[in-house]
Amino acid sequence: MDVSAHALWQVVAAALIFIVCFGLMITGLFNRLLVVWAGALLMLLLGLVSGTEVVQTHIGWQTIFLMTGIMVLSGITGKTGLYEYITIRCAQKTGGRYFLLLVALAVIAAVGSAALDAVTTMIVMIPMTIRLAKRLNANPFSLLVTVMASGTIGGSATMIGSIPNMMIGSSQAAGLTFNGFLVHVAPLSVLCFAVIVLVLYRLYAKEWKPDPAHISELMALDASSFLSNRTLLVKACAVWGLTLLGFLFQLQLRIPIGFIALAGALVLVLISVRKKEDLVEIGHSVEWGTLGWLAGLFILVGGLADTGIMEAIALKGMELTSGNPMLLALLVLWVSAIGSAVVDQAIVAASSIPLVKQWGIQLEITAYWQLNPVWWSLSIGASLGGMATWLGSQASLVAAGLALKEGHELSLKRYVKVAVPLTLLALLIATLYIVLMYFD
């Protein structure tokens with residue numbers, strides 16, 4: 001919608017509301033849920049966005065449904081002790097040797113984030129990693145950085161691995177399927193993962209000096225004792241398997257991915273809940289505040305779209321890149337990555353999705369796949385950018401908080417010194433990948 005079609009006060013009001021809300025959310029002085037809904041309600045009251053459009057168009061219901069389903073599935077699976085068992089068992093297999101331990105923890109974090117979600121993976125992996133390092137009488141910093149970086153990279157590989165990917169994949173953009181992420185994004189994630197782990201090993205190998213006596217204590221642990229509910233584990237694995245099959249065959253089933261995730265969650269709830277307390281605990285595993293915040297954020301961005309601001313920004317992007325698809329894709333990659341390093345990834349994704357759609361309209365693209373390199377660039381940039389700091393990634397924020405709770409303060413300054421160069425390296429690899437894969 002063209003800016004000129006609206007009164008000047010409407011355009012200015014929409015921009016000011018978004019900027020003020022954005023600023024307040026960055027400062028953290030106020031609850032972000034209250035801030036975003038205050039802005040959303042103000043936009044509705046001023047008529048900058050219509051209630052009908054909000055319900056029918058702007059709120060990404062499939063994103064909300066997908067995230068809710070994944071949260072429930074992950075929350076129930078987390079109670080089984082599976083992560084703890086795998087972590088201890090793998091650590092025992094390594095015999096305390098640094099390279100093998102680093103790789104083992106990195107693989108668990110990456111695969112866990114790709115298959116479940118990064119937040120759940122961090123909730124289990126961070127405490128276990130610190131306790132593991134303490135058992136070996138070693139500094140956990142390098143292992144923590146490895147787990148956090150691997151979780152971010154692993155989460156970027158699949159549609160359900162990171163919040164940006166969930167939002168992009170369920171944004172009703174044709175061609176962006178669960179399988180599409182596996183084909184187009186996962187290979188890059190694997191490449192970045194291998195490079196980053198090797199770099200981290202080279203950086204910290206000489207600092208790793210575990211006590212042999214403590215290694216013996218680790219080897220004596222009974223890993224199976226961490227499996228707290230084997231019956232629930234079997235049920236969770238079965239339902240996860242069916243849900244992932246549903247994701248893989250989404251096109252053939254012709255069922256939106258959000259409904260598939262909700263169906264899987266509902267089935268697992270029905271076969272696992274035995275008492276009221278179980279249901280309450282499952283309810284606690286859903287981050288209702290995050291879901292509500294996202295809904296409000298969709299309305300804020302919808303206000304920018306309805307007043308023509310998004311179209312104006314899209315036109316500026318077209319002018320900057322002269323409408324060159326490769327330059328457009330690389331611009332999206334780097335800008336979204338930088339944005340995700342300093343603000344919440346969800347804000348970056350929510351603001352960028354309407355822009356990419358606008359570019360598709362302005363480029364007069366008739367075949368959806370022609371715009372896919374830009375979508376994949378947004379997915380990669382918004383996901384990998386969260387690795388640079390823990391300010392933009394909810395999973396990294398959770399990881400830093402859990403580390404502090406376990407008695408190991410993860411200094412932002414020290415983390416950034418390592419993470420920013422790693423992120424830049426990953427983005428350089430991503431740049432080459434995008435150019436060679438889609439524009440060579």
Side-chain angles (χ1 to χ4, degrees), residues 21-22 24-26 28-41 43-44 51 54-55 58-79 113 116-124 155 159-167 169-171 236 239-240 243 256-270 272-273 275-302 343-350 386 390 392-402 405:
C21 290
F22 181 77
L24 290 174
M25 285 188 284
I26 290 176
L29 294 175
F30 301 93
N31 183 291
R32 68 176 189 171
L33 179 62
L34 295 178
V35 169
V36 79
W37 273 100
L41 290 173
M43 281 196 172
L44 284 164
V54 164
V55 174
H58 295 318
I59 294 181
W61 293 112
Q62 285 304 312
T63 300
I64 303 293
F65 296 156
L66 176 60
M67 290 183 66
T68 304
I70 295 299
M71 286 175 183
V72 172
L73 288 167
S74 299
I76 296 174
T77 306
K79 296 192 300 179
S113 296
L116 301 178
D117 74 273
V119 173
T120 301
T121 302
M122 293 302 109
I123 288 173
V124 180
M159 185 191 287
I160 62 174
S162 70
I163 290 177
N165 283 5
M166 290 187 198
M167 296 175 71
S170 55
S171 65
V239 174
W240 262 113
T243 305
I257 196 163
F259 291 150
I260 294 173
L262 277 183
L266 180 61
V267 169
L268 188 53
V269 168
L270 290 174
S272 63
V273 170
K275 49 189 178 181
K276 183 180 178 181
E277 289 76 11
D278 292 338
L279 199 57
V280 171
E281 193 174 347
I282 291 170
H284 289 158
S285 69
V286 178
E287 297 168 34
W288 300 109
T290 297
L291 296 176
W293 175 73
L294 276 176
L297 186 59
F298 281 130
I299 298 173
L300 280 183
V301 175
V343 299
D344 197 293
Q345 293 169 310
I347 296 177
V348 175
W390 61 63
S393 167
Q394 189 176 1
S396 295
L397 275 170
V398 168
L402 288 170
K405 189 177 178 181

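Here the structure is a predicted model, which means the values were calculated and not measured.
- From Leu279, atom CG reaches atom CD of Glu277 across 10.0 Å, with rounding to the nearest 0.5 Å.
- Atom CD1 in Ile163 sits 10.5 Å away from atom OG1 in Thr63 (nearest 0.5 Å).
- In this structure, Trp288 contributes its side chain and Gly283 its backbone to a donor-acceptor pair below 3.5 Å.
- Of all non-hydrogen atoms in Ala261 and Leu73, the two that sit nearest each other are O-CD1, 4.3 Å.
- For the residue pair Ser113 and Thr121, the shortest heavy atom distance occurs at N-OG1, 3.2 Å.
- The minimum heavy-atom distance linking Trp37 with Gly292 is given by the pair NE1-O, 2.8 Å.
- Atom CG of Asp344 and atom CE of Met25 lie 8.5 Å apart (nearest 0.5 Å).
- Across Ser272 and Ile76, no two heavy atoms sit closer than the pair OG-CD1, 4.0 Å.
- The NZ atom of Lys79 lies 5.5 Å from the CD1 atom of Ile282; values are rounded to the nearest 0.5 Å.
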Are Leu291 and Thr68 close enough, and set up right, to give a side-chain contact (heavy atoms from CB on, under 4.5 Å), and what steps lead you there? CA-CA 8 Å; Leu291 296 176; Thr68 304; 3.2 Å; yes

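- Of the inter-residue distances, the one linking Ile299 atom CD1 with Ile59 atom CD1 reads 4.5 Å to the nearest 0.5 angstrom.
- Side chain of Gln62 to backbone of Gly258: a donor-acceptor contact under 3.5 angstrom is found.
- Across every non-hydrogen atom of Gln345 and Pro164, the tightest pair is CB-CG, 3.6 Å.
- Summarising the local packing, CH2 of Trp61 is surrounded by 12 or fewer heavy atoms from other residues, nucleotides or ligands at distances under 6.0 Å.
- We find the CD1-CD1 distance between Ile260 and Ile160 to be 11.0 Å, quoted to the nearest 0.5 Å.
- Across all non-hydrogen atoms, the minimal contact from Ala346 to Trp293 is CB-CZ3, 3.5 Å.
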